[in-house]
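Got a structure for you, questions after.
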Amino acid sequence: MSWAFLRNLLSGVNKYSTGIGRIWVAVVFLFRLLVYVAAAENIWKHEHDEFECNIKQPGCENVCFDHFFPVSHIRLWALQLIMVSTPSLLVVFHVAYRENREKHHNQKLYKNPGKIDGGLLCTYLTSLILKTGLEIFFLVLFYKLYNGFKIPHLVKCDLKPCPNTVDCYISKPTEKMIFLYFLVSTSCLCIVLNLSELSYLIFKYSLKCYLKRHVKKQQ
């Protein structure tokens with residue numbers, strides 16, 4: 001999979017972000033995207049081939065694997081990474097709209113098209129809420145699909161066409177567990193950063209509006 005588009009998107013968003021937003025971009029790029037591409041993808045690369053059951057009944061192993069891993073961890077992580085990054089496109093599109101509007105009217109309509117104020121502030125806050133919601137949704141989805149954030153060494157399966165309860169073994173469970181905890185931790189960190197940035201922006205512009213009203217009353 002090529003991640004060039006996602007990398008370019010994060011680079012573009014970084015220009016219009018606050019300080020906390022830039023930290024979020026760094027966490028997504030360094031601790032999620034690069035770790036995924038460099039290490040995690042290879043660990044789960046042959047997860048189906050390395051899933052072994054102590055019986056050779058045709059179809060049993062496939063059914064058991066599908067039961068315990070209805071969706072591949074690595075594909076779900078890739079989907080999560082793409083989904084939580086795409087709301088940032090709203091900000092990029094809004095800035096592009098401002099720039100095109102200035103070109104169309106052939107005059108300076110904004111002091112800085114990339115400055116977070118007015119309509120762009122609403123767009124930025126919306127993108128933060130969407131990113132936070134998607135992060136939480138995928139964490140809950142992971143938990144529900146895999147019955148918690150854990151990788152067992154041994155799973156017992158009694159589904160048809162297995163003739164009885166069979167033992168199935170997952171390859172490299174400890175290594176997979178380490179990366180699972182790491183990726184869940186970085187996802188939680190991104191949620192904290194998004195909520196912090198959301199609170200910061202709301203407080204900043206609420207204070208700004210209050211000061212403007214206070215100055216007008218004094219005048």
Side-chain angles (χ1 to χ4, degrees), residues 3-36 76-105 107-143 181-219:
W3 294 96
F5 171 75
L6 190 57
R7 182 194 62 206
N8 293 334
L9 170 61
L10 294 175
S11 300
V13 172
N14 200 39
K15 294 189 293 185
Y16 314 120
S17 299
T18 64
I20 300 174
R22 291 189 179 93
I23 296 173
W24 177 86
V25 171
V27 170
V28 171
F29 186 74
L30 293 175
F31 297 106
R32 297 181 76 173
L33 181 57
L34 290 184
V35 168
Y36 175 93
L76 200 55
W77 278 328
L79 180 62
Q80 179 187 15
L81 198 52
I82 292 168
M83 292 298 292
V84 300
S85 300
T86 47
S88 300
L89 278 172
L90 294 174
V91 179
V92 176
F93 288 154
H94 198 129
V95 174
Y97 164 76
R98 283 185 166 189
E99 292 173 346
N100 288 332
R101 191 162 176 259
E102 285 187 338
K103 288 179 181 178
H104 180 72
H105 290 85
Q107 58 179 314
K108 194 73 174 175
L109 301 175
Y110 308 96
K111 291 180 180 179
N112 180 3
K115 185 179 180 182
I116 304 175
D117 58 3
L120 184 58
L121 173 63
C122 294
T123 302
Y124 199 95
L125 293 177
T126 301
S127 72
L128 287 174
I129 293 169
L130 287 174
K131 286 190 287 188
T132 304
L134 287 167
E135 291 279 17
I136 295 172
F137 169 77
F138 274 99
L139 284 178
V140 173
L141 183 62
F142 268 108
Y143 190 87
Y181 284 156
F182 179 82
L183 292 168
V184 168
S185 299
T186 52
S187 183
C188 291
L189 176 59
C190 286
I191 292 173
V192 172
L193 289 171
N194 286 331
L195 291 176
S196 299
E197 189 175 16
L198 188 64
S199 302
Y200 166 74
L201 287 172
I202 292 173
F203 174 78
K204 178 183 175 181
Y205 286 95
S206 297
L207 182 62
K208 186 178 178 180
C209 292
Y210 171 78
L211 292 174
K212 278 185 178 179
R213 289 179 183 176
H214 183 70
V215 170
K216 284 182 180 180
K217 285 181 180 180
Q218 286 186 335
Q219 290 176 346

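We're numbering straight along the sequence, starting at 1.
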Do other residues, nucleotides or ligands put more than 12 heavy atoms under 6.0 Å from Tyr143 OH? no

Distance flag, aromatic centroids of Trp77 and Phe138, threshold under 6.0 Å: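 Not under 6.0 Å, so no.
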
How long is the span from the CE atom in Met83 to the CG atom in Leu79, to the nearest 0.5 Å? 6.0 Å

Closest non-hydrogen atom pair, Leu193 against Val27: CD1-CG2, 4.0 Å

Phe31, CZ: over 12 other non-hydrogen atoms inside 6.0 angstrom: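 No - once you tally the heavy atoms of other residues, nucleotides and ligands closer than 6.0 Å, there are 12 at most.
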
Which atom pair, heavy atoms only, marks the closest approach of Pro87 to Ser127? O-CB, 3.4 Å

Rounded at 0.5 Å granularity, tell me how far CG in Leu139 sits from SG in Cys188.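 Reported value, rounded in 0.5 Å steps: 5.0 Å.
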
Which value, rounded to the nearest 0.5 Å, describes the distance between Tyr124 atom OH and Leu198 atom CG?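 Here the interatomic distance stands at 10.5 Å.
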
Supply the atom-to-atom distance Asn194 CG to Leu189 CG, rounded to the nearest 0.5 angstrom. 9.5 Å

To the nearest 0.5 Å, how far apart are CG in Leu130 and CG in Leu125?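 Output value for this atom pair is 11.0 Å.
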
Using 0.5 Å steps for rounding, measure from the CG atom of Leu195 to the CD1 atom of Ile136. 6.5 Å

Using a 4.5 Å cut-off on heavy atoms from C-beta on, say whether the side chain of Val184 contacts that of Phe142.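 Side-chain contact under 4.5 Å: no.
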
Search all heavy atoms of Glu197 against all heavy atoms of Ile20 and return the closest pair with its distance.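 Taking Glu197 first and Ile20 second, the nearest heavy atoms are CB-CG2, 3.8 Å.
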
Output yes when a side-chain donor or acceptor of Thr132 lies under 3.5 Å from a complementary backbone atom of Leu128, and no otherwise.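 Answer holds: yes.
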
Test applied, side chain to side chain contact (heavy atoms under 4.5 Å, CB included); reference residue, Lys131; option that passes from Cys190, Ser85, Ser88: Ser88

